[in-house]
Amino acid sequence: MTTSTSSPAASSGSASRQVTVGLAERSYTVHIGHGVQRLLPQVVAALGARKAVVVTARPPERTPDPGVPSLVVPARDGEEAKDLAAVTDLCRRFVGFGLTRSDVVVSCGGGTTTDTVGLAAALYHRGTPVVHVPTSLLAQVDASVGGKTAVNLPEGKNLVGAYWQPAAVLCDLDHLDTLPEREWRNGLGEIARCHFIGAPDLDRLPLLDQIAASVTLKAGVVAADERDSGLRHILNYGHTLGHALERATGFALRHGEGVAIGTVFAGRLAGALGRIGPERVAEHREVVARYGLPIGLPPDVSVLELVELMRLDKKATDGLTFVLDGPEGAELVRGISEETVGATLAEMPREPEG
């Protein structure tokens with residue numbers, strides 16, 4: 001069961017939302033609002049932790065205080081820092097500080113930080129509690145919630161990981177005050193794809209409610225299918241091509257931008273397979289464009305390279321695999337021919353140079 005409630009935020013006079021991810025004894029709350037980072041000491045106290053390691057990609061004045069003796073470890077957001085070497089380094093820092101499995105790890109940063117720190121916490125002592133304080137829009141609407149932790153290999157994104165649910169998530173909107181425009185778009189790509197998996201027209205809502213609706217959608221899916229055995233695949237809408245585009249551009253294209261383009265492509269591919277009609281295909285482009293996101297492939301990316309990269313996708317166990325819209329809504333579709341995928345990619349618009 002997943003519940004969503006409203007209450008006064010930790011900062012006076014502003015609203016907040018609480019979304020419960022219902023996983024029986026592993027259930028936890030996602031707090032969303034201005035000032036909710038201040039809840040960290042009581043979250044840590046409730047866990048009974050005596051020590052904390054705070055891994056942060058934010059400056060000291062934005063780094064949360066866990067309320068117990070702590071070690072602050074600087075982190076660097078970005079895909080280039082999201083690898084097994086980073087996980088090893090973190091675990092060694094945990095050992096050096098004397099962290100036990102009864103203590104807590106806190107992540108404070110964007111999606112790559114929550115992913116990397118989450119995996120380190122999952123592996124250290126075979127599982128140490130972790131609390132996420134996501135500081136980017138992308139991390140708040142997606143990466144910090146759901147317990148998927150992973151790092152990259154040279155061969156592909158998120159190929160080494162584990163499921164490890166956080167003890168709590170604190171989505172403090174104050175961290176978004178200084179977010180660069182490009183990082184806003186990065187998060188909007190994940191919000192836009194929600195239109196096709198159960199949460200339409202979020203762009204018409206205030207930011208707090210957009211984030212809360214995105215988290216509520218994801219929490220419900222995770223509660224029903226924690227380990228990707230079925231329903232949870234819908235959360236990967238737009239991601240198969242999106243991940244390939246990130247790799248093909250050397251991560252010059254950000255994750256949310258890739259997902260936006262992947263969402264447009266998912267509509268076109270579903271149309272090519274006869275799963276949806278022309279109006280629904282056009283709706284994919286229109287929704288993504290409404291968020292000011294890219295709708296075409298980068299000008300210099302090869303269709304053949306993208307097909308090769310999509311073969312490495314974790315879902316591709318039987319030919320090329322995509323989450324696609326259809327008569328019953330979004331679902332995983334396996335065994336799509338490379339010819340159909342390549343032809344649909346070739347018909348995609350291209351973004352202008354520069």
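Note that this is a predicted model, so its numbers are computed, not measured. Side-chain atoms are counted along with the backbone in the values below, which use heavy atoms only and exclude waters and symmetry mates.
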Among the clusters formed by ILVMFWY side chains lying less than 4.5 Å apart, do Val131 and Tyr163 turn up in the same one?
no
Go through Gln165 and Val222 one step at a time and tell me if the side-chain contact (heavy atoms from CB on, under 4.5 Å) criterion holds.
CA-CA 10 Å; Gln165 299 294 341; Val222 169; 4.0 Å; yes
Walk me through it: do Val130 and Thr149 pass the test side-chain contact (heavy atoms from CB on, under 4.5 Å)?
CA-CA 11 Å; Val130 64; Thr149 72; over 6 Å; no
Inter-residue atom distance Leu306.CG - Arg247.CZ, 0.5 Å rounding
11.5 Å
If only side-chain N and O atoms count, and only distance matters, is there a donor-acceptor pair under 3.5 Å linking Glu190 with His239?
yes
How far does CD of Glu283 sit from CG of Asp325, to the nearest 0.5 angstrom?
8.5 Å
In short, Gly109 meets Ala57 closest at the heavy-atom pair CA-CB, 4.2 Å
Worked verdict on Val221 versus Ile197 for side-chain contact (heavy atoms from CB on, under 4.5 Å)
CA-CA 10 Å; Val221 171; Ile197 59 174; over 6 Å; no
So, does Glu257 use its side chain to make a donor-acceptor pair with the main chain of Arg254 at under 3.5 Å?
yes
What pair of heavy atoms forms the shortest contact from Ala86 to Ala81, and how long is it?
CB-O, 3.3 Å
Can you confirm whether more than 12 heavy atoms, excluding those of Arg350, are under 6.0 Å from its CZ atom?
yes
Audit row: His175, Gln37, side-chain hydrogen bond (donor to acceptor under 3.5 Å, both in side chains) steps and yes/no
CA-CA 9 Å; His175 282 293; Gln37 177 174 292; 2.5 Å; yes
Under 3.5 Å, is there a donor-acceptor pair between the Gln18 and Ser16 side chains?
yes
Does CZ in Arg92 sit with more than 12 non-hydrogen atoms of other residues, nucleotides or ligands closer than 6.0 Å?
no
For Arg285, look at atom CZ and say whether over 12 heavy atoms of other residues, nucleotides or ligands are found less than 6.0 Å away.
no
Using side-chain contact (heavy atoms from CB on, under 4.5 Å), reason through Leu245 and Phe265 one step at a time and then give a plain yes or no.
CA-CA 12 Å; Leu245 285 167; Phe265 174 73; over 6 Å; no
Interatomic spacing from CD in Gln140 to CG in Asp172 - rounded to 0.5 Å:
7.5 Å
Would you name the heavy atoms of Ala272 and Thr344 that are closest together and state the gap between them?
CB-OG1, 3.8 Å
Sequence neighbours excluded, which residues qualify as side chain to side chain contact (heavy atoms under 4.5 Å, CB included) partners of Leu153?
Leu84, Glu155, Leu159, Val160
Sub-3.5 Å donor-acceptor pair from the side chain of Asn186 to the main-chain atoms of His255, do we have one?
yes
Quick one: side chain to side chain contact (heavy atoms under 4.5 Å, CB included) partners of Val333, sequence neighbours excluded?
Arg275, Leu324, Glu331, Ile336
Compare every heavy atom of Ala143 with every heavy atom of Thr114, then report the nearest pair and how far apart it is.
OG1-CB, 3.8 Å
Could you check whether atom CZ of Arg126 has more than 12 heavy atoms from other residues, nucleotides or ligands sitting under 6.0 Å from it?
no
Nearest heavy-atom approach of Gly110 to Asp77 is N-OD2, 2.8 Å
Can you check whether Arg58's main-chain N or O pairs, donor with acceptor, with Thr56's side chain at less than 3.5 Å?
yes
Between His284 and Thr263, is any side-chain donor less than 3.5 angstrom from a side-chain acceptor?
no
Heavy-atom closest pair, residues Arg17 and Ala15:
NH1-CB, 3.7 Å
Among Leu176, Val169, Asp142, which one satisfies side-chain contact (heavy atoms from CB on, under 4.5 Å) with Pro134?
Val169
With sequence neighbours left out, which residue pairs that include part of residues 81-90 fulfil the side chain to side chain donor-acceptor pair (under 3.5 Å) condition?
Lys82-Asp115, Lys82-Asn158
